[in-house]
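To start, the structure under review is shown below, and the notes come after it.
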Amino acid sequence: MITMDDIIREGHPTLREVAKEVELPLSEEDIELGKRMQEFLKNSQDPELAEKYKLRGGVGLAAPQLNISKRIIAIEIPSQSEEDTEPLLSTVMYNPKIVSHSVQQAALEEGEGCLSVDRPVPGYVIRNARITVTYHDINGEEHKIRLKNYMAIVVQHEIDHINGIMFYDHINEEHPNYAPDDVIFIQ
Ligand SMILES: O=CN(O)C[C@@H](CC1CCCC1)C(=O)N1NCCC[C@H]1C(=O)Nc1ccccn1
Ligand code: NI
């Protein structure tokens, strides 16, 4: 199983590479990798397993964070309400691509962090408020989905990773809390 030991940290050159597209049809290896990435996220959100294996809870993971320079990302966003167990978004995206996006921008009110960054980096990470993403799923099916709010932020953070971009690249050095006046702040 994937643990924090498998996640490379800032300074490792792979985090700054533009990752390669995966070949279709998906190889057994790439399918297995996707499954393991998704399993890591689920484990990291399970209090017992996270404690047992010292996992930092995560909602997304990109293959470059495992020192694998491939365009594969996993997303596991739990439902915001307690009762229903259905996650908001639970998928592995192969060759994800933002094909269009809103002019409107958004940012997480709390700023962002990263499992590959072992330090807090305060400031607003300004992103597109809404995006349309195409990708192939683990069964090789093609998808085109529209995302907004928290889901859009998470997917953009992961797609940044496969392009060698870190969240703090978006933070205004001089004025970390700068934000356009029409930005949407997401809790
Ligand atoms: O590239 C992928 N990463 O670096 C993992 C990141 C991805 C998110 C950061 C901002 C948008 C996407 C991640 O998940 N985190 N960042 C560091 C520590 C916290 C953790 C997190 O937000 N956890 C969480 C949130 C809600 C519910 C459960 N867990
Ligand atoms: Ni990250």
Side-chain angles (χ1 to χ4, degrees), residues 2-19 33-34 36-51 53-82 84-93 96 98 101 105-131 133 135 147-171 176 179 183-187:
I2 294 173
T3 67
M4 296 309 293
D5 295 344
D6 301 302
I7 296 178
I8 60 175
R9 309 300 154 92
E10 62 178 322
H12 192 301
T14 304
L15 287 173
R16 287 307 193 179
E17 286 177 15
V18 174
L33 175 58
R36 290 172 54 233
M37 290 167 69
Q38 196 161 35
E39 179 207 35
F40 166 80
L41 294 175
K42 287 184 172 131
N43 292 346
S44 78
Q45 292 175 24
D46 176 311
E48 273 165 42
L49 291 173
E51 166 63 34
Y53 297 105
K54 301 282 167 265
L55 309 178
R56 264 182 105 190
V59 291
L61 189 69
Q65 292 180 279
L66 302 173
N67 198 19
I68 299 170
S69 203
K70 290 184 175 180
R71 303 182 81 79
I72 306 172
I73 65 174
I75 311 289
E76 189 70 28
I77 301 176
S79 76
Q80 314 304 37
S81 60
E82 277 61 55
D84 70 344
T85 53
E86 278 301 293
L88 261 183
L89 185 60
S90 172
T91 187
V92 179
M93 298 185 178
I98 295 173
H101 62 78
Q105 297 179 302
L108 292 189
E109 178 72 50
E110 313 296 313
E112 297 188 13
C114 183
L115 295 181
S116 295
V117 178
D118 296 326
R119 64 191 171 99
V121 183
Y124 292 133
V125 180
I126 309 297
R127 298 188 183 277
N128 301 310
R130 293 175 296 284
I131 56 173
V133 186
Y135 66 92
L147 296 170
K148 62 180 180 182
N149 299 332
Y150 189 61
M151 289 186 283
I153 300 289
V154 175
V155 170
Q156 288 175 83
H157 177 111
E158 303 316 327
I159 290 178
D160 268 357
H161 273 306
I162 61 178
N163 290 323
I165 297 165
M166 301 294 281
F167 74 91
Y168 44 71
D169 298 344
H170 300 285
I171 297 175
V183 75
I184 298 171
F185 284 111
I186 297 165
Q187 302 305 331

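In what follows, residues are counted from 1 in the order of the sequence shown. Side chains are part of it too, since the values below use all heavy atoms of this structure and drop only hydrogens, waters and symmetry mates. Note that ligands are numbered from 1 as they come in the structure, with each ligand's atoms numbered from 1 the same way.
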Environment of the Ni ion (ligand 2) in terms of protein N/O/S atoms, cut-off under 2.8 Å: Cys114 SG, His157 NE2, His161 NE2
Separation between CD1 of Ile75 and CG of Leu41, rounded to the nearest 0.5 Å: 8.0 Å
Polar contact flag, side-chain donor to acceptor under 3.5 angstrom, Gln80-Tyr150: no
Check: Asn128 side chain, Ile131 main-chain N or O, donor-acceptor pair, under 3.5 Å: no
Heavy-atom donor-acceptor pair, Arg127 side chain to Ala106 backbone, under 3.5 Å: no
Partner residues of Glu17 under the salt bridge (charged side-chain N to carboxylate O under 4.0 Å, His left out) criterion, sequence neighbours left out: none
Any residue meeting ring-ring contact (aromatic ring centres under 6.0 Å, His included) with Phe40, in chain and number order, not counting sequence neighbours: none
Whether Phe167 and His157 hold their rings parallel, tilted or perpendicular, with breakpoints at 30° and 60°: parallel
Shell of residues surrounding ligand 1, defined by a 4.0 angstrom heavy-atom cut-off that is strict: Arg56, Gly57, Gly58, Val59, Gly60, Gln65, Glu112, Gly113, Cys114, Leu115, Tyr150, Val154, His157, Glu158, His161
Met37 to Leu61 - nearest heavy-atom pair and separation: CE-O, 3.3 Å
Met4 backbone acceptor or donor facing Arg56 side chain under 3.5 Å: no
